[in-house]
Structure formats: C-alpha cells, structure tokens
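Counting convention: from 1, in listed order, for ligands and their atoms alike.
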Amino acid sequence: MCGIVGYIGHRQAAPLILESLRKLEYRGYDSAGIAALHDGQVTVRRAEGKLKNLSTMLLREPMTGSIGIGHTRWATHGRPSENNAHPHRAGDIVVVHNGIIENYLELKRQLLKRGTHFSSETDSEIVAHLVAEKVAKGVDFLAAVQRTLREIRGSYALLFLNRRDPTRMIVAKNSTPIVIGSGEGEMFIASDIPALLDHTRKVAFLEDGEIAEVTLGGYRIFDGKGKPIKRPVKQITWDAVAAQKGGYAHFMLKEIHDQPRALADTFRGRIAFKDGNVALEDIKLTVNAVKQIKRIHLVACGTAWHACLVGKFLFEEIAGIPAEVDYGSEFRYRSPLMDPKSILLMVSQSGETADTLAATDIARAKKAKILSICNVIDASIPRKSDGVLYTHAGPEISVASTKAFTTQLTALYLLAVALGRKNGKLKALEARKLLRDLMHLPHWIEEALKLEGEVKTLARDLLHSRDFLYLGRGINYPIALEGALKLKEISYIHAEGYPAGEMKHGPIALIDEKLPVVVLAPRDRYFEKTISNLKEVESRGGKVVVITDDAKTAAEIPAFRVLTLPKASHYLTPIVMTIPLQMLAYYIAVLGGKDVDQPRNLAKSVTVE
Ligand code: F6R
C-alpha cells in the first residue's frame, strides 16, 4: 500500500506534493520521491526513509515545475532504497505506482531481451519502460498508456508524466484507489481524500479498469475500451481526521473493512494456477531442501501466535510436515530440539517483536533454516531470516491487530501449499482446488462484513457482561482464542478462549445466565459435537451466541443469537470466522466508550522483552 499524489496548475508542484504526501504517510513510509516537469526537463528527487528525508533533500536541492507527481512507498517488490523509490523513469516517461504487477517477471524478461536497462528491483519500473517504448515510436501518450494496460495484470493506481507533454498527466486504476480533485485552474490526483482536502473538496473517483487524462482544464475519463465516461463531481464533507480514517470512526474499523483488499494483495502475483504452484519470491527453498524438512517451529507473540496455531494445522495436513508452536517469550528460554533439518518460522506484523526475534539466536546455533512472515519490509525479523514472505497488508495503525492477522493466515496457507507441492505431498489437482478457494476468499470476507449491523445489535445486548467465553474446535479453536484476545485488549472485559470439548473438564462451572458464550460452529467434522457442547451451556442458562456457516440448520440451533457466515472452504474458515469476532470486540469497545485505536497499556510494537 503506497501513496500517490499528482498536481498540475499554476503553483510550484514539489512543495504542494510534499505536503499532500504527508497526509498519505499512513499508507507507507519506507521511501518517497517527487518528479516535476519544467521547460522540457524532468527532475526527480528520491530519498530512503520517512518523508522528512525527502523534505530535507528538497530544501538543499529545490525543484521547479508546476506539473509533478509524488509517491510515498510501502515496499512490495524490492527492499526500501533510493533506487527502488518512485518515481521511476524510462526515456520520456515517469511513473508512480501503487499496487502489484502480477506478470512483471514475464514482462521484465521480454524487456531485457529487447535490451532494456533496469535501474531498480521494482515491478513498477517495467510499466514506465513499456509506455516509454511506445511513446518513443510516436504513439500518443494516452494511447501508449492504454496499450500498456492491456499488457499488464495486477492491481494498480498508476500516474504518468511525459517529458514531451507538459499539458497532461495520465492516471489509471485497477483494484487500488485513486481520486481526482478539481481546483480553480489547477487539478490534483491522490490515492486518498486526505491528501486533497487542503486544496479542494470537489472530487471524482476512478473505477477499476478506467483511465483518465488530467489537464489544467479538468479531466476526461475513459473505460477499458477507450469509451469516454461521464463521472459527476462529488462534494466531500468529511473533516481531515475523518478523511484519514476513510470516513470510518476508527482506524480499527477501517482496517477491518480493508481485509478483502489486504488478503487479495497477499496472494496476488504468487499463484501459478495452471500447475497448482505458489511462487514465493523471497523464500528460496529447493525441492531437495523441502523434502529434508523434518519439523517446523512456529514462533510468535499474541495475535500472531494464534495465526501460528492455525498454521500448525495447515503445515501438518496440507504439507505433511510436523509443526510445533511456541510463544517467543517461552521459546527463547527452553531448549527446543532443532537441527539443520528444522525450520524456524517467525510470524510478526511489525517484524520488531523482541521475544520473537530472540528465537533466531537459538535457530542459528542449531543451524536450522530461518524463515519469517512479516508485514513490514526489511524490519529486524525479516533481516535476520534466510527467507521471508511479506503479507502486503499495508500499515496497520490501530493497536489491535486485524488485517495483519488474517493476512498472516493467508500467508501461512500459501506457504503450506508451496511446501506441499515441493515435497510431493500435495498433488497439482488438490493444490489447484486450494488455490481456487483462496481466490474466493476476498468475496467471502465481503459477505462476512455484511453482518456488521447484526453484530452491532449483539454488541449492544452483551455490552454489560463482565466475562465472556469463546469456544471453538480444531482449526477454529485458535480463532476462539483470538476473539477473546480482541475483546480483552480493546474493551478491558475479561474473556477466555477454550476448546469446546474441554468445557466439561472445568469451565462449565462458570456458566450462568450472565455469561455470554460465543461458539464457533462451522459445518465441519466437529459440528454435531459442538452443538452438543452448546446444548450443555444452554441448559445451564448460559447466553449462547453461535457463529456458523450452515445456513440450512442455523434456525434450529438453540441459542440466544445465531450469526450466519458464507460457507467457505475448510482451511479458510478460520479467516472468515475471525471477521464477526473482530467486529463484536470493536462495537462492544466503542459502545463502552473505550479508546479503540489506542487501548491502555498497549503498544503497537513490543521491542522490549
Ligand atoms: C493483538 C496484538 C498483539 C501482537 C503481538 C505481536 O491485537 O496486536 O498481540 O499480535 O504483540 O506483534 P507482532 O505481530 O508485531 O510481532
């Protein structure tokens, strides 16, 4: 998730773009850059690190031009560095990009054959080359972009400048937001509204597959076939803070709703559907190396530890590799049996959690291979790993982890399929089925999000309860733990997660009419058993809330409330089940007047032991 800004008008572009990029820094902040066009010359300034580095550079070396584009980056392809920072330039063309070009390797190979020289490791640079090649042959700027879009696959908001054409910028969109703002004799482009609010409240959103030409006099939008489209201007009424939250009341709610996009970005470009394979660019394990793996040690903290518990099921059942799960704070002080045939797999949103990071010393000493799943590019944990799988969730601002968790689950699923294919446990046909299921996941999440109204009502009904129990079984037991943790950390209400079958061994003594019991009951091999467990709770007066995916029997389940989710495939059910639990925790906390995004005593990244 990166931030893009463009400007054409009568003012100096660079300082204005820099200011607007500051409003988008929440989208990514590992490097930034600006290009401005003046007197037939393009100047590009780029700097690694936060925007203040670019700002210092611009003070030292100012740039001139009243048309320009800018970018703040959250790396996906290529580590954060000045070379990988946008804008990227090829011939007369300069581009900034937010998204992932899925077929970039194939396109890059073709360009290399034609003698193209690359100056970055990014997928974005290829787009600049593809357009520049056409423009150099005399193709009109707009037509060159239109033709290039037919060659690329993936998600993108792309914004182009042409050195020989100072009158217009071209912008294109697919699966990644971009908005055009209209001022008085000046025009703006940005990934998100907050970047425009200082200048205009009149905006037009581009839709997927559309392309627009933006000039001093306004904009023209075209569909994928080049047919002009009329798009009325909208008046934005949000204040600046609300705009940063995308109109949502809190970052947590925004991040909950960002999950369909985040999950799709995590698998995008990594699925080779035809052969049922998964391409993990930064995990280079040969078939031989994978066949030798005897055990995976998953290590993490908090929510990421819950993801690991699901991961154990995935590695054992999909890839046939035994797996163990440890808290970072426990692993570091025990003597795990590891050897060169073991893998340490650390899972961390921030990549800076000290207890998780400490596992690397043990693994190194035992000569085990070190892998990680992480959201932040080049954080300490990926830097200490031999291979990494980035989740592409984009920055998570709310302290409570939501989209980071579900993208971790998605990454674990991808890794399990990749390992299963390499060690021969998973046949191409089965793998294709698993990957097809994964491609449906964003849709199932969209459906699950539609329960928001029902969940809000439920939250109101349960608001005054002082304790909660969450029950699940099998692969959904970790989701019961996660539901309980979400509630605890943002509402300060005590909650416990338990395997449903364990109830009778103790916790059943807690049941009375004051205790809400949230039961995860997907239609799986445990369904009947789970229903028996919930009857035990019901008959003792407990307030049972059932979350199921079995629309047929939902009405017959004896419960205070039943929420029905879409039916997802077995291994993806934990991700879908998580959605109502996140929303329940969120609404109970909001209705209880809690500071949802910054709960007391907690920090986003725990860098101390
Ligand atoms: C809970 C939460 C924490 C983190 C834990 C690990 O919502 O966010 O439990 O999951 O502190 O953090 P990372 O994933 O950054 O290692």
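Between His392 and Phe267, a ring centre-to-centre spacing not shorter than 6.0 Å is recorded.
Between His86 and His71, the ring-plane angle classifies as parallel under the 30° and 60° cut-offs.
Among pairs with a residue in residues 413-423, those fulfilling side chain to side chain donor-acceptor pair (under 3.5 Å) read Asn277-Arg421, at least two apart in sequence or across chains.
Applying the 6.0 Å contact sphere to NZ of Lys294 captures more than 12 heavy atoms from other residues, nucleotides or ligands.
Here Arg334 pairs with Glu324, Asp326 under the salt bridge (charged side-chain N to carboxylate O under 4.0 Å, His left out) rule; sequence neighbours left out. Among residues two or more places apart in sequence or in another chain, the side chain to side chain contact (heavy atoms under 4.5 Å, CB included) test is passed with Phe560 by Leu458, Asp461, Leu462, Lys543, Val545.
Among protein residues, Cys301, Gly302, Thr303, Ala304, Ser348, Gln349, Ser350, Thr353, Val399, Ala400, Ser401, Lys486, Glu489 come within 4.0 Å of ligand 1, judged on heavy atoms.
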